[in-house]
Protein chains: 2
Amino acid sequence: MAKAANRTYSLYTREAVELLAVMIREARLERKLPAKELAERAGISRGLLQRIEKGDPNCSLGTVFEVAYLLGISLFNSDERALASNLAMSKEKLSLLPKMARKPQRGVDDDF
Amino acid sequence: MAKAANRTYSLYTREAVELLAVMIREARLERKLPAKELAERAGISRGLLQRIEKGDPNCSLGTVFEVAYLLGISLFNSDERALASNLAMSKEKLSLLPKMARKPQRGVDDDF
DNA sequence: CTATTGTGGTCTATAAATGGATCATTTAGA
DNA sequence: TCTAAATGATCCATTTATAGACCACAATAG
């Protein structure tokens with residue numbers, strides 16, 4: 001009972017995925033690093049790296065981020081230290097929020 | 001002949017994935033949006049949204065980005081227009097790069 | 001306090017992603 | 001130019017992700 005992935009994505013999502021893909025390919029080529037080598041270092045197959053660089057949205061988040069990391073591409077405009085710091089702050093903030101999202105019984109927040 | 005996903009990720013990757021997860025959960029709770037509703041709007045199951053908010057790296061890039069988008073979380077610190085612009089510039093730059101990464105036969109670039 | 005709703009976990013069947021191999025083609029370097 | 005190497009594409013076998021249902025529990029609103 002799974003009929004997934006006829007998914008439709010927003011333009012924003014498609015562009016974000018493609019941007020990341022292009023940045024990865026750029027960085028790899030700038031470093032003159034063959035796909036085969038990068039794939040090995042990332043622990044993935046060359047085929048998967050191809051899909052990533054092609055902007056396939058159906059690749060796992062972790063592998064794509066890892067490849068980006070190996071190429072020195074900074075996610076969220078954060079280097080390693082800033083990222084850890086952001087994460088700590090976000091966790092802190094999250095802990096202060098109500099743990100459930102219960103909607104008030106009639107329409108306060110439906111601004112989508 | 002596929003034995004994938006005993007994957008190991010760098011700390012940076014793990015933190016980046018978790019940061020995105022926490023930001024998503026934060027944004028959803030701030031909006032008082034039940035998981036069920038957000039999942040419906042994203043066209044995914046509630047279980048998958050749970051994994052996303054938990055920081056599971058094995059979720060597809062597209063779905064995670066789409067959920068983030070639905071919550072107004074900006075990827076790459078770029079709104080919709082900036083993103084399109086970045087993408088165009090990156091494509092331009094990519095087109096100027098050599099199309100293959102051929103390593104010079106002896107060690108110029110192995111600074112990893 | 002209580003009723004109600006959201007959430008986290010588990011289970012199963014199915015769809016999809018991935019690895020690994022192969023082949024043809026393109027490209028960069030000598 | 002020559003040629004070794006990189007890329008792009010396809011195939012198949014297997015692993016994995018996902019949907020969808022269910023349950024027990026937690027937490028919020030009243």
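Below, chain A is the first sequence line, B the second, and so on; all start at residue 1.
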Nearest-Å distance for atom pair CD/C1', residues B/Gln50 and D/dA21
13 Å
When rounded to whole Å, the CZ to C1' distance for the pair A/Arg7 and C/dA15 reads 11 Å
Derivation of the salt bridge (Lys or Arg N to Asp or Glu O under 4.0 Å) call for A/Arg7 and B/Glu66:
CA-CA 10 Å; A/Arg7 294 197 197 296; B/Glu66 183 71 13; over 6 Å; no
Return yes if the base of D/dT18 and the side-chain atoms of B/Arg51 contain a donor-acceptor N/O pair under 3.5 Å, otherwise no.
no
B/Leu33 vs B/Arg41 side-chain heavy atoms within contact, under 4.5 Å
yes
A/Ile44 has its side chain closest, among D/dT18, C/dG19, C/dT18, to C/dG19
Tell me whether B/Leu11 is reachable from A/Leu83 by hopping between hydrophobic residues (I, L, V, M, F, W, Y) whose side-chain heavy atoms are closer than 4.5 Å.
no
Separation of C/dT5 atom P from B/Lys32 atom NZ, nearest Å, is 17 Å
DNA chain D nearest-nucleotide lookup for A/Gly47 and B/Asp56: closer to the 5′ end is A/Gly47
Contacts of A/Ala101 and A/Leu48 projected onto DNA chain C by closest heavy atom; the upstream (5') one is A/Ala101
I'd like to know if the side chain of A/Ser95 reaches the main chain of A/Glu92, judged simply by a donor and an acceptor atom lying under 3.5 Å from each other, with no hydrogens or angles considered.
yes
Is any side-chain nitrogen or oxygen of A/Asn58 closer than 4.0 Å to OP1 or OP2 of C/dA16?
no
Could you check if a side-chain atom of B/Glu18 sits within less than 4.5 angstrom of a side-chain atom of B/Glu15, using non-hydrogen atoms only?
no
Let's see if you get this right: which residues in residues 14-29 of chain B place a heavy atom under 4.0 Å from DNA chain C?
B/Arg25, B/Arg28
Main-chain N/O of B/Ala39 paired to B/Arg46 side chain as donor or acceptor, under 3.5 Å
no
Return the 5'-most residue of the pair B/Lys36, B/Pro98 with respect to DNA chain C, ranking by each residue's nearest nucleotide.
B/Lys36
So do the side chains of B/Leu20 and B/Met23 get within less than 4.5 Å of each other, counting heavy atoms only?
yes
Can you confirm whether A/Ile52 sits close enough to B/Leu61 that some side-chain heavy atom of one is under 4.5 Å from a side-chain heavy atom of the other?
no
Within the 4.5 Å heavy-atom criterion, are B/Ile44 and B/Val67 side-chain neighbours or not?
yes
B/Arg102 CZ to D/dA4 P: how many Å, rounded?
9 Å
Closer than 4.0 Å, any side-chain N/O of A/Ser60 to the OP1 or OP2 of C/dT18?
yes
Pairs under 3.5 angstrom, nitrogen or oxygen only, protein versus nucleotides 23-26 of chain C, please.
none

Take atom CD of B/Glu40 and atom P of D/dA19, then tell me their distance rounded to the nearest Å.
12 Å
Below 30° counts as parallel, above 60° as perpendicular, anything between as tilted: where do the rings of B/Phe65 and B/Phe76 land?
perpendicular
In this structure, how many angstroms lie between the C1' atom of D/dT10 and the NZ atom of A/Lys54, rounded?
11 Å
Between atom CG in B/Leu61 and atom P in D/dT18, what is the gap in whole Å?
12 Å
Distance in angstrom units between A/Glu53 CD and D/dG8 C1', rounded:
12 Å
